[in-house]
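Whatever order the structure lists ligands and atoms in, that order sets their numbers, starting from 1.
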Amino acid sequence: MAVYTDITEDDLARFLSEYEAGTLLSYKGIAEGVENSNFLLHTTKGAFILTLYEKRVDPKDLPFFLGLMHHLADRGLNCPLPLSRKDGELLGELSGRPAAMISFLEGTWLRKPAAKHCREVGRALAEMHLAGQGFALSRKNALSVDGWRPLWEKSAARADEVEPGLQDEIAEELAFLESHWPKTLPHGIIHADLFPDNVFFIGDQLSGLIDFYFACNDAYAYDVVTCLNAWCFEKDGSFNMTKGMALLDGYEQVRPLNGAELKSLPLLARGSALRFFLTRLYDWLMTPPGALVVKKDPLEYLRKLRFHRQVKSAEEYGLVHR
Ligand SMILES: Nc1ncnc2c1ncn2[C@@H]1O[C@H](COP(=O)(O)OP(=O)(O)OP(=O)(O)O)[C@@H](O)[C@H]1O
Ligand SMILES: N[C@@H](CCO)C(=O)O
């Protein structure tokens, strides 16, 4: 689930009256997602998503996220749009949280993506990278290499509860990545969380990208490896090279990767696996029993990290030289 904050019908009707979005017919909480509270609303003017931003989102970042969706949509990317209120603001407040009304994007996310879908995702990711150019605001990636150690320190002492030996393994990995992390790769706006649940399809056609709440400025290739991790591994933990090939090919049809980016892929993939391992580990250890949120398995990302440690070149991900 993700409904951390409850709303009352009266408060919601009052909130809606700030918009030209019709009057409320029905609303319900959306169980998916882990970061924010989301509701599906039906009004006399159609369907909308209402998002209440929860504690992991810094309110200072909201103009960046909401402005970015407008910037990308203006450049032709299919993504939801935050609605303006009658006073021109994109953000309001509901039940004590910052809140926004977002246009409803048709489609559903794929539980079992195939190689053809990975190609579409690669293409859409590269289109997003190009469309993000020229966006006036910027945001540092709080969950890149500088952010990993503080996050790790919150869980390190209890890491061996999850798997014996983890504390030493991750300490070594972190030290290695901190000293080898590439700093000069082509960079710009990245999505930073383009997992299957954030990509909608209608049939086999990609209908749009959602959830820009980790978007930030970072290396484009880092976004590529986050997708390789999220889309190209099978449930048994094996890497599917056909999917990797499709994803990289789709990406390169729109934005070819340069030599430095290709060379860095295995290292970046380790870093991205560590980032998702660390946030999952923190949630795994800290979420109180009984909380209405589905915790994600940190060990899935530990296995991916270990796989990438053995990879020597981008060819092992399916890269085909043109
Ligand atoms: N604009 C939209 N149109 C249609 N459905 C949406 C839209 N935005 C969100 N949803 C629905 O709400 C769910 C949760 O949204 P989202 O992924 O943004 O939440 P989150 O809490 O930020 O999640 P995450 O764990 O991915 O960070 C989505 O899986 C989707 O079902
Ligand atoms: N996509 C993330 C959760 C939301 O950021 C994960 O799978 O760990």
Side-chain angles (χ1 to χ4, degrees), residues 1-5 21 27-42 46-58 61-62 65-66 68-70 72-73 77-83 90 97-111 121 141-143 147-148 151 155 190-202 206-216 223 225-231 233 235 272-287 291-305:
M1 99 135 201
V3 178
Y4 300 95
T5 304
Y27 74 98
K28 63 172 187 186
I30 298 179
E32 287 181 53
V34 295
E35 297 295 338
N36 299 309
S37 297
N38 287 297
F39 297 84
L40 173 62
L41 310 188
H42 284 100
F48 300 91
I49 297 289
L50 164 68
T51 301
L52 273 61
Y53 298 98
E54 299 293 344
K55 58 182 185 314
R56 269 222 289 236
V57 175
D58 184 341
D61 288 331
L62 287 169
F65 300 137
L66 300 178
L68 177 62
M69 289 189 234
H70 269 284
L72 295 173
L77 197 90
N78 282 327
C79 67
L81 264 190
L83 268 63
L90 293 176
R97 314 270 356 153
M101 288 278 286
I102 313 281
S103 64
F104 184 82
L105 192 73
E106 295 292 342
T108 49
W109 69 269
L110 300 173
R111 270 66 180 172
V121 170
N141 186 359
L143 288 172
W148 298 337
L151 189 54
S155 313
I190 67 164
H191 184 285
D193 191 29
L194 200 60
F195 279 55
D197 59 352
N198 289 330
V199 181
F200 284 7
F201 282 82
I202 299 174
L206 194 155
S207 60
L209 311 182
I210 66 163
D211 198 358
F212 289 84
Y213 303 115
F214 286 103
C216 55
D223 231 6
V225 296
T226 296
C227 287
L228 283 178
N229 278 336
W231 290 82
F233 282 84
K235 291 258 179 302
S272 177
L274 181 68
R275 172 260 184 261
F276 287 98
F277 168 79
L278 289 174
T279 45
R280 287 177 173 205
L281 179 69
Y282 178 83
D283 290 347
W284 193 264
L285 294 172
M286 306 302 166
T287 306
L292 282 172
V293 65
V294 179
K295 294 193 282 186
K296 299 193 176 193
D297 182 9
L299 295 180
E300 179 192 337
Y301 270 78
L302 180 68
R303 288 190 285 272
K304 291 175 183 177
L305 201 173

* To do: Pull out every atom of ligand 2 sitting under 4.0 Å from any heavy atom of F276, numbered as shown with elements.
  => 2 (C), 6 (C), 8 (O)
* Hey, does R275 come in under 3.5 Å of ligand 2, counting only N/O atoms on both sides? -> no
* At a 4.0 Å threshold, what atoms of ligand 1 neighbour a non-hydrogen atom of L105? -> 1 (N), 2 (C), 3 (N), 4 (C)
* **Identity of the nearest option to atom 2 (C) of ligand 1, non-hydrogen atoms only, from N38, I49, L40** => I49
* To do: Determine, using ring centers only, whether F195 and F276 are less than 6.0 Å apart.
  => yes
* Please name the residue in the list R280, K235, K295 that meets the salt bridge (charged side-chain N to carboxylate O under 4.0 Å, His left out) test with E300. => R280
* Does S207 reach the main-chain N or O of F200 with its side chain, forming a donor-acceptor pair under 3.5 Å? -> yes
* Asked: At under 4.0 Å between heavy atoms, which part of F200 makes contact with ligand 1: side chain, backbone, both or neither?
  -> side chain
* Examine R275 relative to F214 and say whether NZ or CZ is less than 6.0 Å from the centre of the six-membered ring and inside a 45° cone about the ring axis. => yes
* Asked: Is K296 close to ligand 1, meaning an N/O of one under 3.5 Å from an N/O of the other?
  -> no
* What about F65 and Y213, are their ring centers closer than 6.0 Å? -> yes
* To do: Would you mind running through ligand 1 and noting each atom that sits below 4.0 Å from a heavy atom of D193?
  => 27 (O)
* **Any N/O pair W109/ligand 1 closer than 3.5 Å** => no
* Taking the side chain from W231 and the backbone from L194, do they hold a donor-acceptor pair closer than 3.5 Å? -> yes
* Asked: Between the main-chain N or O of T5 and the side-chain N or O of S37, is there a donor-acceptor pair closer than 3.5 Å?
  -> yes
* **ligand 2 contact by F214, heavy-atom criterion under 4.0 angstrom** => yes
* **S103: numbered ligand 1 atoms lying under 4.0 Å from its heavy atoms** => 1 (N), 2 (C)
* Asked: Would you say N198 has any N or O atom under 3.5 Å from an N or O of ligand 1, going by distance alone?
  -> yes
* Quick check: does F104 get an N/O under 3.5 Å from an N/O on ligand 1? -> no
* Asked: To the nearest 0.5 Å, how far apart are CG in N229 and OH in Y301?
  -> 5.0 Å
* To do: Taking only heavy atoms of P80 into account, list the atoms of ligand 1 that are under 4.0 Å away from them.
  => 1 (N)
* Side chain of N38, backbone of T51: donor and acceptor closer than 3.5 Å? -> no
* Structure fact -> To the nearest 0.5 Å, atom CE of M69 lies from atom CG of L81 at 8.5 Å
* To do: Consider ligand 2: state whether an atom of it lies below 4.0 angstrom from any non-hydrogen atom of D193.
  => yes
* **Top protein contact for atom 7 (O) of ligand 2, by heavy-atom distance** => R280 NH2, 2.7 Å
* Asked: Hey, which atoms in ligand 1 end up nearer than 4.0 Å to a heavy atom of I30?
  -> 11 (C), 12 (O), 13 (C)
* Would you say the side-chain atoms of H191 pair up with the backbone N or O of D223, donor to acceptor, closer than 3.5 Å? -> no
* Decide whether the shortest distance between a heavy atom of G208 and an atom of ligand 1 is less than 4.0 Å. => no
